[in-house]
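Model, not experiment: these values are computed from the prediction. The basis for the numbers below is simple: all heavy atoms, side chains too, and nothing from hydrogens, waters or symmetry mates. Counting convention: from 1, in listed order, for ligands and their atoms alike.
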Amino acid sequence: MSEAGGGRGCGCRVPQRAPWSLVAATASLCLVLATSVCTARAAPMSREEKQKLGNQVLEMFDHAYGNYMEHAYPADELMPLTCRGRVRGQEPSRGDVDDALGKFSLTLIDSLDTLVVLNKTKEFEDAVRKVLRDVNLDNDVVVSVFETNIRVLGGLLGGHSLAIMLKEKGEYMQWYNDELLQMAKQLGYRLLPAFNTTSGLPYPRINLKFGIRKPEARTGTETDTCTACAGTLILEFAALSRFTGATIFEEYARKALDFLWEKRQRSSNLVGVTINIHTGDWVRKDSGVGAGIDSYYEYLLKAYVLLGDDSFLERFNTHYDAIMRYISQPPLLLDVHIHKPMLNARTWMDSLLAFFPGLQVLKGDIRPAIETHEMLYQVIKKHNFLPEAFTTDFRVHWAQHPLRPEFAESTYFLYKATGDPYYLEVGKTLIENLNKYARVPCGFAAMKDVRTGSHEDRMDSFFLAEMFKYLYLLFADKEDIIFDIEDYIFTTEAHLLPLWLSTTNRSISKKNTTSEYTELDDSNFDWTCPNTQILFPNDPLYAQSIREPLKNVVDKSCPRGIIRVEESFRSGAKPPLRARDFMATNPEHLEILKKMGAASAIDAEDGLRFMQEMIELSSQQQKEQQLPPRAVQIISHPFFGRVVLTAGPAQFGLDLSKHKETRGFVASSKPYNGCSELTNPEAVMGKIALIQRGQCMFAEKARNIQNAGAIGGIVIDDNEGSSSDTAPLFQMAGDGKDTDDIKIPMLFLFSKEGSIILDAIREHEEVEVLLSDKARDRDPEMESEDQPSSENDSQSQSAEQTLSLSQTVDLVDQETPENPLDSHSEPSSPADTEETAGLAPSEQIPSSTESLETTSLDGECTDLDNQPKEQSETEEDSNPNVSWGKKVQPIDSILADWNEDIEAFEMMEKDEL
Ligand code: DMJ
């Protein structure tokens, strides 16, 4: 494969009727050539340094995988804070995100081919035996078809692909007889009932045991699915068909893709985020390249690479053209409306779109890939991780980060395409941040809030399937991998499928669904891979010169509206009125408002934009009323600052914002509820007192522990099993009286987080914590005592496993706020409790994922819209006394007036379909 590529040069225009093998190899050819061309040009990272980083990745993988196998297996996932397995039904429900868990040892299956890539062949052999021995698919559990396909079916097929490769090499897996493939086939048949719709689009969920329709199935009433959910099947399903000869899988996946293509919005060539699986109507008509759509595009291009079918490339290129025309607003990628693609649908971006630069590399469009990647890297440099969502002016929109691999994926592909050692440095930063902020004694924990550095008891399987694969490959030379990675294509979950599948069992008729394509302008098909020979040798600083202007894009950013700047100036006309500038007392503004929707089409368009902005602004402002959570960081042995718990602030006592902190050992107060004078003042004197929630006001507890000499207090929820993973945080209210007498800081922990401290006391007696607004860097001295010094040193890690916190969590199947990227659902409202009752909504804080960034933007702002520079939000955000009412009120009343128009607008959109 590589040789063939080397002979052709990287013009790489794929002939419309190219021999399939050439077509299938295209992507890897491009990457191979790009690498060989570029290595000579830039000062490379030394081989030793690369090996060191590669070894670090191996050690990190051992830490994650070893802890999963030791403490969680056969459960689906590891809970790295409480050091146990996540078993569905035994933990509070997290909503849609739990639909990935099918009681099929998800993390083990998702890790299979990573083991081979990381040269852990022996462990791979063991892992395959365990899968075959232990995994049962006949489970009465409702799972996501999409997640099961990409993680489990993909994991089994990736495992099979590498098992047969190893067997052929003659050393390992000699006993293997396609057992993983048989399991994959069984799973494939279990998923097929989901496709029993007239459209051919699959139901989003299926019961592994009972399918869709049986009453026991508890599914089959859904009407909508996301575009990515229906459009991310072809690689796994086609591979299953071609490996087994059972054509039905590929046929079903193709049918779903054909249907989506038919339903694209014909004038914009974009697709919406969710679609009705029965009628094919778009349910959500916003369109981007991130959550809900992402891998649909990825699979069109990769289906072409794997299957050699021109129609997939033609579809991809048609969509890509639309994406670059409307969604790409360099360096941003912003969602737009499919019917009005010049109208932005959001003022924020989600982290899933970080895969897109990698896809652009595969497509061959390097410049925008470099730009977007650099923009994302600047956001990461500010927050250590990519928050789940961030605004166009790079503030945090959703503060979670579940250790997603997309940015590492794009970094890997950009390095392969450019050979620029800059991307190795980027990878090094990712490794450092993971070790510094996400590593806990029992694995790696997702970030609950990138601003506070607090953790979530969650380590998703994709972290092992993807993150370690891409990071390892980034630093690996050819000889570090025991097979030729160029012979495989990566699925969206980074599972490896061999390119030779394109010539095997090709019996599925290629229905010509593309007759109309002949009419398409195919000028954008002329180049399909990076021609690095042209790009780089003449100008070795090419990639750098693209990145350079973006270096300060985050720090120097100004708040921006959702209207494109160039639009405002398109006819030299006065820029339209923007929601953020609207003042109800300004007669000129009122006049403009009246005109909107009345006279000309342009006015009407401005009116619609204005409404959009009002809605965005209103929800933005609601968020701005919310205080960010605080952090309780356990700093004594064996935690050394590695476990950070999400805590709710209080409206009284020492304000921990603005980098104030209180450090001390913890002690339980007596009485534990802290509702009367303490009987153990000597125990809490000079310490941080632990108090149970309930029976009196928070302020009363604070006064009692303060009188006993405590330097701070942590109130622990009395509702057993409650957790910030599943319940929205709130801030502790005062008691309606003057609380200025309370000087000590007070924080609130839900029961699960509180138990982590209580269990630590039971095990280690002396437990020291830091109360702050943001986790502090771990103590490097202690860190080095506790960290393994060399690669593969998982032995010394076992010393870390002192965090065996076998707490009991009640099986509360409560409704929970979900990650909007996982579920597209709206966050739920804060919990109402006796001590928070009576608070205005603005006085309660929501879950950390909802609250808004408070740090100021450094540097000078250049206001592109010639608007006066907006006041920094820092002071207002961190000052609970600031009244937001003045800002919100006019918008709310305006919104009410515009309600009818919004409905009319929606009707109009529907009619256009
Ligand atoms: C992975 O499971 C896959 O990459 C999927 O396509 C979307 N993203 C998650 C990880 O973030």
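- The protein heavy-atom contact nearest to atom 6 (O) of ligand 1 is Thr492 OG1, 2.7 Å.
- Counting the atoms of ligand 1 from 1 in the order shown, those under 4.0 Å from a heavy atom of Pro405 are 10 (C), 11 (O).
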What verdict does the side chain to side chain contact (heavy atoms under 4.5 Å, CB included) test give for Asp350 and Glu388, after you've listed the backbone C-alpha separation in whole Å, the side-chain angles of each residue and the deciding distance to 0.1 Å?
CA-CA 6 Å; Asp350 63 65; Glu388 278 293 67; over 6 Å; no
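- Checked for salt-bridge contact, Glu466 and Arg404 miss the test: no charged N lies under 4.0 Å from a carboxylate O.
- Checking only distances, Glu466 does come within under 3.5 Å of ligand 1, N or O to N or O.
- When non-hydrogen atoms are compared, ligand 1 lies under 4.0 Å from neither the backbone nor the side chain of Thr232.
- Between Asp335 and Arg346 there is a salt bridge, since at least one side-chain N of the basic residue sits less than 4.0 Å from a carboxylate O of the acidic one.
- The shortest contact between atom 2 (O) of ligand 1 and any protein heavy atom is with Glu493 OE1, 2.5 Å.
- Looking at Phe61, Phe444, Tyr470, Tyr65 one by one, the single match for ring-ring contact (aromatic ring centres under 6.0 Å, His included) with Phe463 turns out to be Phe444.
- Contacts of Ile150 with ligand 1, taken as heavy-atom pairs under 4.0 Å, involve the side chain alone.
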Passes side-chain hydrogen bond (donor to acceptor under 3.5 Å, both in side chains), Tyr423 versus His373? Steps please.
CA-CA 10 Å; Tyr423 295 107; His373 180 275; 4.7 Å; no
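- Heavy atoms of Glu409 come nearer than 4.0 angstrom to ligand 1 in no pair at all.
- Of all heavy-atom pairs spanning Phe104 and Ala100, the tightest one is CE1-O, 3.6 Å.
- Distances between N or O atoms of Glu406 and those of ligand 1 include at least one value under 3.5 Å.
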